[in-house]
Amino acid sequence: MTFKQLTSRERDVLPLLGEGLSNGQIARRLHLVEGTVKAHVSATLVQLRADNRVQAAIVAHQAGLA
């Protein structure tokens, strides 16, 4: 698993997932609409081969991003 495959926006989203924020909270923090955040979260999960947000949050913590 490599973070180089993530887009810059996906790299913005990952630490916020690590903080346990909802899509709505991430959207407000990044000044995006919630649907856009949902797409970034989904793409991030695929790239990280994570089954869910919790696994992505663990990855963020292990990488020191959250």
Side-chain angles (χ1 to χ4, degrees):
M1 151 182 12
T2 178
F3 299 107
K4 293 178 185 178
Q5 295 174 328
L6 297 177
T7 66
S8 62
R9 195 50 103 173
E10 291 164 358
R11 286 190 293 264
D12 293 339
V13 168
L14 183 58
L16 301 176
L17 280 174
E19 290 180 29
L21 299 182
S22 68
N23 288 350
Q25 292 168 318
I26 294 170
R28 286 188 292 280
R29 182 91 55 102
L30 297 179
H31 306 286
L32 299 170
V33 296
E34 195 168 341
T36 301
V37 170
K38 184 176 178 179
H40 288 310
V41 168
S42 295
T44 300
L45 295 178
V46 169
Q47 290 295 328
L48 297 177
R49 296 187 176 129
D51 291 329
N52 54 53
R53 297 170 74 94
V54 172
Q55 288 180 348
I58 291 169
V59 169
H61 278 275
Q62 289 175 340
L65 300 174

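- Taken from CD in Gln25 to CG in Leu17, the straight-line distance is 11.0 Å, to the nearest 0.5 Å.
- Of the inter-residue distances, the one linking Ile58 atom CD1 with Leu48 atom CG reads 12.0 Å to the nearest 0.5 angstrom.
- Both Leu45 and Leu16 are members of a single hydrophobic cluster when ILVMFWY side chains are connected at heavy-atom separations under 4.5 Å.
- The two residues Glu10 and Gln5 come nearest to each other via the heavy atoms OE1-O, 4.3 Å.
- Of all heavy-atom pairs spanning Ala27 and Val37, the tightest one is CA-CG2, 3.5 Å.
- In terms of modelled atom types and a separation under 3.5 Å, the side chain of His61 and the main chain of Gly18 share a donor-acceptor contact.
- Between the side chain of Gln55 and the backbone N or O of Asp51 there is at least one donor-acceptor pair closer than 3.5 Å.
- Judged purely by atom type and a 3.5 angstrom limit, Gln62 has no side-chain atom pairing as donor or acceptor with the backbone of Val59.
- At a cut-off of 3.5 Å, with distance as the only test, a side-chain donor of Asn23 or Arg53 sits close to an acceptor on the other residue.
- Judged by distance alone, the side chains of Gln47 and Thr44 never bring a donor and an acceptor atom under 3.5 Å apart.
- The two residues Arg9 and His40 come nearest to each other via the heavy atoms CG-NE2, 3.3 Å.
- Note that CG of Leu30 is 10.5 Å distant from OG1 of Thr36, once rounded to the nearest 0.5 Å.
- The two residues Leu14 and Ala56 come nearest to each other via the heavy atoms CD1-O, 3.6 Å.
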